[in-house]
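Keep in mind it's a predicted model, so treat the numbers as computed, not measured. The figures that follow rest on heavy atoms only: side chains count, while hydrogens, waters and symmetry mates do not.
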Amino acid sequence: RVQLVESGGGSVQAGGSLRLSCTISEVINIWDCMGWFRQAPGMEREGVASFYPARAYRYYSDSVKDRFTISQDNAKNTLDLQMNGLKPEDTAMYYCAAVGPFGCGGTWYVPTKYSIWGQGTQVTVSS
């Protein structure tokens, strides 16, 4: 079974940057969506960004567009999330997810569409 392990979380001040990395234990189907989600205390899990390996398509939520960049490193077999211009409202537990909807498409941001999850990494942004 594929396993996902996130790393790179931490505490930064507003305006700072972090790079999250999700190590994938084995090669997965390039036609399945992969993504990053986040969940703040008392809030629902929300889609942050997704990546469709077969076409290198990227999808972002409006709240992170132009600040975050999702990418895949085939040599390291990781799914990365570069986060710039961090804001206090970005504070949350961040999760990597795999085996999502075929081709990502219009449901990339729906957590129930993904079947494999990592354990999460905490990101805290102070003002």
Side-chain angles (χ1 to χ4, degrees):
R1 179 176 172 83
V2 174
Q3 292 185 323
L4 309 176
V5 179
E6 301 96 334
S7 61
S11 297
V12 295
Q13 291 190 328
S17 299
L18 283 173
R19 186 176 183 87
L20 305 183
S21 187
C22 173
T23 300
I24 306 166
S25 63
E26 58 188 73
V27 175
I28 58 177
N29 191 336
I30 64 170
W31 304 102
D32 291 330
C33 194
M34 298 189 291
W36 282 94
F37 288 73
R38 66 186 182 188
Q39 188 167 19
M43 304 293 287
E44 292 187 353
R45 191 168 297 190
E46 64 171 347
V48 175
S50 71
F51 182 76
Y52 175 37
R55 295 285 185 267
Y57 290 166
R58 294 169 173 80
Y59 301 84
Y60 297 97
S61 67
D62 288 342
S63 62
V64 307
K65 195 174 183 179
D66 298 328
R67 297 189 297 124
F68 291 10
T69 302
I70 190 171
S71 62
Q72 184 182 33
D73 187 326
N74 289 320
K76 297 180 180 179
N77 208 27
T78 61
L79 181 71
D80 301 325
L81 185 68
Q82 178 65 43
M83 306 186 296
N84 298 328
L86 284 162
K87 305 175 181 180
E89 51 263 44
D90 294 318
T91 295
M93 184 73 79
Y94 282 71
Y95 298 91
C96 177
V99 194
F102 183 89
C104 289
T107 58
W108 70 266
Y109 56 91
V110 179
T112 55
K113 295 292 187 180
Y114 295 76
S115 60
I116 300 176
W117 292 84
Q119 82 290 349
T121 186
Q122 178 67 38
V123 172
T124 303
V125 185
S126 58
S127 58

Original post:
Can you name the nearest heavy-atom pair linking Val2 to Glu26, along with the distance?
Top reply: CG2-CG, 3.5 Å

Subject >> Side chain proximity check, Arg38 to Val123, heavy atoms < 4.5 angstrom >> reply: no

Original post:
Does the side chain of Tyr114 come within less than 4.5 Å of Phe37's, by heavy atoms?
Top reply: yes

Subject >> Rounded distance (nearest 0.5 Å) linking atom OG1 of Thr23 with atom CG of Leu4 >> reply: 9.0 Å

Original post:
Which distance, rounded to the nearest 0.5 Å, do you find between the OG of Ser11 and the CG of Leu86?
Top reply: 11.0 Å

Subject >> Full working for side chain to side chain contact (heavy atoms under 4.5 Å, CB included) between Arg1 and Ile116 >> reply: CA-CA 9 Å; Arg1 179 176 172 83; Ile116 300 176; 3.9 Å; yes

Subject >> Co-membership, hydrophobic cluster, residues Trp36 and Phe51, 4.5 Å side-chain >> reply: yes

**OP:** Calculate, to the nearest 0.5 Å, the distance between atoms CD and OG belonging to Gln13 and Ser127 respectively.
**Re:** 9.0 Å

**OP:** May I ask you to decide if Gln119's main-chain N or O and Glu6's side chain share a donor-acceptor pair within less than 3.5 Å?
**Re:** yes

Subject >> Leu79 with Tyr59, same ILVMFWY side-chain cluster at under 4.5 Å >> reply: no

Original post:
What pair of heavy atoms forms the shortest contact from Phe68 to Val48, and how long is it?
Top reply: CD2-CG1, 3.6 Å

Subject >> Pro53 side chain reached by Gln72 side chain, heavy atoms, under 4.5 Å >> reply: yes

**OP:** Enumerate the residue pairs fulfilling disulfide (SG to SG under 2.5 Å) with a member in residues 3-32, sequence neighbours excluded, ordered by first and then second residue.
**Re:** Cys22-Cys96

**OP:** Any chance you could measure Ile24, atom CD1, to Lys76, atom NZ, to the nearest 0.5 Å?
**Re:** 13.5 Å

**OP:** Can you see which heavy atom on Ser61 is nearest to which on Gly47, and at what distance?
**Re:** CB-O, 3.5 Å

Subject >> Side-chain heavy atoms of Trp117 within contact of Arg45, under 4.5 Å >> reply: yes

Subject >> Separation of Arg19 CZ from Ser71 OG (nearest 0.5 Å) >> reply: 4.5 Å

**OP:** With sequence neighbours left out, write down each residue that passes ring-ring contact (aromatic ring centres under 6.0 Å, His included) with Tyr94, or none if nothing qualifies.
**Re:** none

Original post:
How far apart are the closest heavy atoms of Ala14 and Pro88, and which atoms are they?
Top reply: CB-CD, 4.1 Å

**OP:** Identify the residue among Thr78, Leu81, Val5 that makes a side-chain contact (heavy atoms from CB on, under 4.5 Å) with Ser21.
**Re:** Thr78

Original post:
Side-chain donor-acceptor pair under 3.5 Å between Asn84 and Gln82, yes or no?
Top reply: yes

Subject >> Pair Arg55-Ile30, side chain to side chain contact (heavy atoms under 4.5 Å, CB included): steps then yes or no >> reply: CA-CA 9 Å; Arg55 295 285 185 267; Ile30 64 170; over 6 Å; no

Original post:
Taking the side chain as C-beta and beyond, is there a heavy-atom pair between Met83 and Val12 under 4.5 Å?
Top reply: no

Original post:
Heavy-atom count around Gln3 CD within 6.0 Å, excluding the residue itself: above 12?
Top reply: no

Side-chain donor-acceptor distances from residues 99-113 under 3.5 Å, at least two apart:
none

Original post:
How far apart are the closest heavy atoms of Ile70 and Tyr60, and which atoms are they?
Top reply: N-OH, 3.0 Å

**OP:** Give the ring-plane orientation class for Trp31 versus Tyr52, where under 30° counts as parallel, over 60° as perpendicular and anything between as tilted.
**Re:** tilted

